[in-house]
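Proteins get letters first, then strands, A, B, ... in listed order; numbering begins at 1 in each.
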2 protein chains.
Amino acid sequence: MTTMSDGEEIVFEQPCPIRDVLDRIGDQWSLLILEALAPGTLRFNALMREIGDVSKQMLSRTLKQLEQDGFITRTLYPEVPPRVEYTLTPLGRSFLEPMRQLVAWADAHHGAIVAARARYQARQEQT
Amino acid sequence: MTTMSDGEEIVFEQPCPIRDVLDRIGDQWSLLILEALAPGTLRFNALMREIGDVSKQMLSRTLKQLEQDGFITRTLYPEVPPRVEYTLTPLGRSFLEPMRQLVAWADAHHGAIVAARARYQARQEQT
DNA sequence: GCACATGGTCTAAAAAGCAGACCATGGGAT
DNA sequence: ATCCCATGGTCTGCTTTTTAGACCATGTGC
């Protein structure tokens, strides 16, 4: 399954699918983008405004990866100025479900985390 | 966002709990560590062997963050040579459930992702 | 004629991550 | 006695990643 056409790009068999998937969605921006796209289609700049503190380059790069892995589709309308729309694919939408569990957990336990942080800090200052 | 240098941390008001939690668990190593710790307590070097390609520095740093946020406990036994054990807290264990959903999804859809990648690459080569 | 908006890419600088050296110390092999 | 290893980290450069900001082509409103 390794493709030799580009010569440089050698893809290894990933023995651990979890690791492979985590490498993609476990970065700084992927989950945020997917979450932003959950309510519906968004354009590039709208996505950037939605997320707030992502650089153009990283947004562009991460979107490309998500498209590559089949989470989203990129549609270019050849108008002027150009319009580009990003939409979740069925695969992307199917990912929303486990992600929502994660988000629900985050919401439910955020207080506990903040408390743990405070406890930790207090313990540090005590010494 | 929070900047973290060893020993001194500046915590901003996080208006979005999801964002706050994602910043912690959404890095290269946290999920992997939590997964490795799921079966039971592990020592530092055992953890390093388990994960395989993490540097001591990042493992140490990430463990410190996880401890800080209450996901794990660090127990130092003052023997020689020193022994340090890392264990999931109840909070950490409660996180395992949504994480398992994620892992299950990854397992189930890994094939689709690989296929999407192949399709994307074929499309690129066509031009 | 001028600035603006679009969706990016390019570049230089800053930040994060890496491998490997180093630490103190006790135990086992030589 | 001496050498060497194992422990859990931290420190030091070097490499990779991310960032901010300039730049691009072009059609529209002023």
Side-chain angles (χ1 to χ4, degrees), chain A residues 8-10 12 19 22-33 36-37 41-68 72-87 120 124 127, chain B residues 1-12 19 22-33 36-37 41-68 72-87 120 124 127:
Chain A
E8 305 279 320
E9 202 79 23
I10 296 156
F12 285 81
R19 191 64 177 269
L22 247 45
D23 272 359
R24 292 295 165 143
I25 58 99
D27 65 64
Q28 189 71 202
W29 304 116
S30 293
L31 286 178
L32 260 7
I33 291 175
L37 244 29
T41 297
L42 242 42
R43 304 176 57 170
F44 187 86
N45 281 341
L47 214 32
M48 199 151 67
R49 275 190 298 272
E50 192 69 24
I51 295 176
D53 57 347
V54 64
S55 68
K56 285 179 161 200
Q57 197 173 55
M58 279 315 290
L59 181 54
S60 171
R61 184 151 49 212
T62 310
L63 284 169
K64 208 172 289 177
Q65 281 179 184
L66 289 174
E67 187 200 358
Q68 189 174 188
I72 61 175
T73 54
R74 176 182 184 276
T75 314
L76 165 66
Y77 297 87
E79 311 165 355
V80 168
R83 183 159 57 98
V84 180
E85 290 189 343
Y86 292 94
T87 311
Y120 184 91
Q124 293 308 96
T127 51
Chain B
M1 216 189 296
T2 63
T3 56
M4 162 115 180
S5 51
D6 284 349
E8 178 205 12
E9 60 265 22
I10 302 143
V11 182
F12 285 79
R19 190 64 177 270
L22 248 44
D23 271 0
R24 291 298 165 139
I25 57 100
D27 64 66
Q28 189 72 204
W29 304 115
S30 294
L31 287 178
L32 260 8
I33 291 175
L37 244 30
T41 297
L42 242 41
R43 304 176 57 169
F44 187 87
N45 280 341
L47 215 31
M48 199 151 66
R49 276 189 298 272
E50 191 71 23
I51 295 177
D53 56 347
V54 64
S55 68
K56 285 180 159 199
Q57 195 174 55
M58 279 316 291
L59 181 55
S60 171
R61 183 140 67 204
T62 310
L63 284 169
K64 207 172 291 178
Q65 281 178 187
L66 288 174
E67 186 199 359
Q68 188 174 189
I72 61 176
T73 54
R74 175 183 185 276
T75 315
L76 164 67
Y77 297 88
E79 311 165 354
V80 167
R83 184 159 56 98
V84 181
E85 291 189 343
Y86 293 94
T87 310
Y120 184 91
Q124 293 308 96
T127 52

Between atom [atom1] in [X] and atom [atom2] in [N], what is the gap in whole Å?
X: B:Leu42; N: D:dG8; atom1: CG; atom2: C1'; result: 14 Å
X: A:Met58; N: C:dA16; atom1: CE; atom2: C1'; result: 12 Å
X: A:Ile51; N: D:dT19; atom1: CD1; atom2: P; result: 11 Å
X: B:Gln28; N: C:dA15; atom1: CD; atom2: C1'; result: 16 Å
X: B:Glu67; N: D:dG8; atom1: CD; atom2: P; result: 15 Å
X: A:Met48; N: C:dA5; atom1: CE; atom2: P; result: 12 Å
X: A:Leu59; N: D:dG21; atom1: CG; atom2: P; result: 17 Å
X: A:Glu79; N: D:dT26; atom1: CD; atom2: C1'; result: 13 Å

Open item on the list: What I'd like to find out is whether the side chain of B:Leu63 reaches to under 4.5 Å of the side chain of B:Phe44, using heavy atoms alone.
Closed with: yes
What pair of heavy atoms forms the shortest contact from [X] to [Y], and how long is it?
X: B:Val54; Y: B:Leu59; result: CG2-N, 3.8 Å
X: A:Ile51; Y: B:Arg19; result: O-NH1, 3.7 Å
X: A:Trp29; Y: A:Asp53; result: CH2-O, 3.4 Å
X: B:Ala36; Y: B:Glu50; result: CB-CG, 3.8 Å

side-chain N/O [X] vs [N] OP1/OP2, d < 4.0 Å:
X: A:Trp29; N: D:dT19; answer: yes
X: A:Ser60; N: C:dG7; answer: no
X: B:Arg43; N: D:dG8; answer: yes

TODO: Could you check whether A:Tyr86 gets within reach of a base, just the sugar-phosphate, or nothing at all, counting any heavy atom under 4.0 Å?
DONE: sugar-phosphate
Open item on the list: Could you check whether A:Arg61 pairs with A:Asp27 (Lys NZ or Arg NE/NH1/NH2 to Asp/Glu carboxylate O, under 4.0 Å)?
Closed with: no
- [ ] Would you kindly compare B:Arg49 and A:Arg61 by the position of their nearest DNA chain D nucleotide and give the one closer to the 5′ end?
- [x] B:Arg49
- [ ] Sugar-phosphate atoms are those with a prime plus P, OP1 and OP2; base atoms are the rest. Using that split, label each nucleotide of nucleotides 19-30 of chain C B, S or - for protein heavy atoms under 4.0 Å, 5' to 3'.
- [x] S------S----
TODO: Check for a donor-acceptor pair, side chain of A:Thr62 on one end and backbone N or O of A:Met58 on the other, with a separation under 3.5 Å.
DONE: yes
